[in-house]
Amino acid sequence: MDKADISWVLVSTLLVLMMAVPGLALFYGGLVRAKNVLSVLMQVLCAFALALVLWFAYGYSLAFTEGNAFIGGASRLFMNGLFDPATGGFAPSGSLTELLFASFQATFAGITCALVVGSFAERARFSAVMVFVAIWFTFAYLPIAHMVWFASDTAPGLLNARGALDFAGGTVVHINAGVAGLVGAYVVGKRLGYGREAMQPHNLPLTYIGAMLLWVGWFGFNAGSALAADGNATLAFFNTLIATAAAVLGWVAAEWTIKGKPSVLGAASGAVAGLVGITPAAGLVGPVGAFVIGIVAGVICVWGVNGLKRLLRADDSLDVFGVHGVGGIVGALLTGVFNAQVLGGPGLDSPGLILGQVWVQLEGVLITMVWSGAVAWVAFKIADRLCGLRVSPDEERQGLDISSHGESAYHL
């Protein structure tokens with residue numbers, strides 16, 4: 001075990017925790033109306049916490065132990081075998097303790113589940129959200145994580161065996177969550193008055209703070225995924241820096257051109273789009289590739305939250321699919337392009353292999369979209385049957401802060 005590697009991944013785990021609570025919670029909280037801000041903070045925190053508990057109980061074992069091409073086994077239930085209290089010994093995982101690796105991956109599982117709640121914010125029942133998270137985490141997140149990230153000489157995950165590239169979760173986290181959120185937006189239905197009443201963000205400074213916490217925390221998300229304090233972490237760190245900056249400017253330029261004015265919300269959203277886009281590529285492309293991915297993700301996600309959203313006719317409240325789903329797809333496909341050495345990447349040594357790698361990346365995208373979408377639909381239907389998926393119209397008009405939690409964020 002290497003103390004430097006352990007130190008870096010410990011810090012990275014804390015950074016990912018900061019991304020979710022408070023980063024994502026504040027980002028989402030500022031985007032909803034004042035009467036629903038506490039409900040969003042509550043859903044993000046509790047979805048994250050529930051995922052961590054389930055990860056401890058069985059999630060880590062099913063995602064990261066040997067089983068078959070789709071799911072792992074039961075050898076690490078309740079973190080069995082990771083620590084020996086009699087000797088004080090820890091099971092190793094490369095240069096880390098396996099318990100630290102499991103801790104780092106737990107935060108990924110948590111933030112993925114928390115991301116989904118933005119799609120049906122302001123009208124979903126809290127109990128139903130918790131039921132959905134438990135089911136979707138078990139039958140969507142864990143199999144996708146195993147298929148993409150579990151490497152083994154005898155029984156690797158399906159997409160890992162195919163050679164799919166996903167450095168830090170473009171497929172496992174962002175496309176997975178984006179598709180589930182889009183399904184949720186359809187199943188839960190549109191907010192009362194959607195398209196007829198103004199539903200502006202109630203606190204853009206809150207959203208801005210959340211977005212910048214996400215950017216800082218994302219260095220742990222991406223560079224920490226090198227699982228070592230080494231050159232690959234350095235590459236992922238710089239790529240996260242430059243891609244995000246490029247995406248901010250790309251989004252602002254596109255919005256300025258289309259709408260005539262650049263907005264703070266657009267700049268903050270551009271930062272998130274760039275972070276999403278570079279996630280699968282962070283340690284797998286060169287800086288020029290990261291720069292291009294950032295610009296492309298920023299510009300295309302402007303379309304994702306405007307033109308595509310109108311085409312889909314879904315009330316994806318906080319644009320989870322428009323940013324995370326679309327940005328994740330862009331990043332996943334361009335990883336297959338800019339991984340090539342001829343384009344500055346550290347991977348493919350022949351230009352002729354680029355098309356094949358892009359095809360593998362597309363396979364991963366499509367499998368994730370179909371799998372996640374199907375599981376999400378079933379999970380929402382079960383949650384609806386058990387709890388009632390949506391609050392009553394009167395509760396929705398009153399606001400979920402009061403009707404669901406008996407609290408108010410602002411007392412005037």
Side-chain H-bond candidate by donor/acceptor type, Asp84 with Thr87, under 3.5 Å: yes

Closest contact, heavy atoms only, Leu50 versus Ala134: CD2-N, 4.1 Å

Worked check of side-chain contact (heavy atoms from CB on, under 4.5 Å) between Ile6 and Met1: CA-CA 8 Å; Ile6 289 174; Met1 301 180 192; 4.1 Å; yes

Least distance between heavy atoms, Phe167 atom then Ala236 atom: CE2-CB, 3.9 Å

Within-4.5 Å side-chain heavy-atom neighbours: Leu318 and Val32: yes

Polar side-chain atom of Gln357 near backbone of Leu333 as donor-acceptor pair, under 3.5 Å: no

Distance-only check: which donor-acceptor pairs under 3.5 Å involve side-chain atoms of residues 279-289, not counting sequence neighbours?
unit_1	atom_1	unit_2	atom_2	d
Thr279	OG1	Trp218	NE1	2.8
Thr279	OG1	Leu275	O	2.7

Rounded distance [0.5 Å steps], CG in Leu31 versus CG in Leu265: 6.0 Å

Sole candidate of Phe221, Tyr141, Phe48 that passes ring pair (Phe, Tyr, Trp, His ring centres under 6.0 Å) when paired with Phe108: Phe221

Donor on one side chain, acceptor on other, Asp349 and Gln341, under 3.5 Å: no

Derivation and outcome, side-chain contact (heavy atoms from CB on, under 4.5 Å), residues Leu158 and Glu363: CA-CA 11 Å; Leu158 176 69; Glu363 286 182 341; over 6 Å; no

Min side-chain heavy-atom separation Phe150-Asn160 under 4.5 Å: no

Donor + acceptor pair across side chains of Thr154, Glu66 (<3.5 Å): yes

Phe238 and Phe219, any side-chain heavy atoms less than 4.5 Å apart: no

Mutual orientation of the aromatic rings belonging to Trp55 and Phe64 [parallel < 30°, tilted 30-60°, perpendicular > 60°]: perpendicular

Over all atoms of both residues, closest heavy-atom pair of Phe137 and Ala109: CE1-CB, 3.8 Å

Distance-minimising heavy-atom pair for Ala383 and Ala128: CB-O, 3.5 Å

Check: Leu115 and Val44 side chains under 4.5 Å, non-hydrogen atoms: no

Full working for side-chain contact (heavy atoms from CB on, under 4.5 Å) between Ile175 and Val179: CA-CA 6 Å; Ile175 298 174; Val179 170; 4.2 Å; yes

Distance-minimising heavy-atom pair for Arg191 and Arg123: CG-CD, 3.6 Å

Main-chain N/O of Arg33 paired to Glu122 side chain as donor or acceptor, under 3.5 Å: yes

Aromatic ring pairing His324/His174, orientation class (parallel under 30°, perpendicular over 60°, tilted between): parallel

Aromatic contact, Phe27 with Tyr208 (centres under 6.0 Å): no

Side chain proximity check, Trp256 to Ser263, heavy atoms < 4.5 angstrom: no

Within-4.5 Å side-chain heavy-atom neighbours: Pro92 and Thr97: no

Leu400 vs Lys35 side-chain heavy atoms within contact, under 4.5 Å: no

Closest approach of Val16 to Thr107 (non-hydrogen atoms, all atoms of both residues): CG1-OG1, 3.3 Å

Output field: ring centroids Phe380/Phe132 closer than 6.0 Å: yes

Stepwise side chain to side chain donor-acceptor pair (under 3.5 Å) check, Tyr58 with Thr138: CA-CA 9 Å; Tyr58 59 84; Thr138 303; 2.6 Å; yes

Donor-acceptor side-chain pairing of Asp5 and Ser95 below 3.5 angstrom: yes

Between Ser408 and Asp401: side-chain donor-acceptor atoms closer than 3.5 Å: no

Crowding at CH2, Trp377 (>12 non-hydrogen neighbours, <6.0 Å): no

Rounded distance [0.5 Å steps], CG in Leu62 versus CG in Leu77: 7.0 Å

Gap between atom OG1 of Thr335 and atom CD1 of Ile278 - 0.5 Å precision: 7.0 Å

Validation row: Ser404, Arg125 side chains within 4.5 angstrom (heavy atoms): no

Test item: side-chain donor near acceptor, Thr368 and Asn176, under 3.5 Å: no

Neighbour count >12 (heavy atoms, 6.0 Å) for atom CZ, Phe104: yes

Donor on one side chain, acceptor on other, Glu98 and Tyr60, under 3.5 Å: yes

side-chain contact (heavy atoms from CB on, under 4.5 Å) assessment of Met18 paired with Leu214: CA-CA 7 Å; Met18 187 181 75; Leu214 282 167; over 6 Å; no

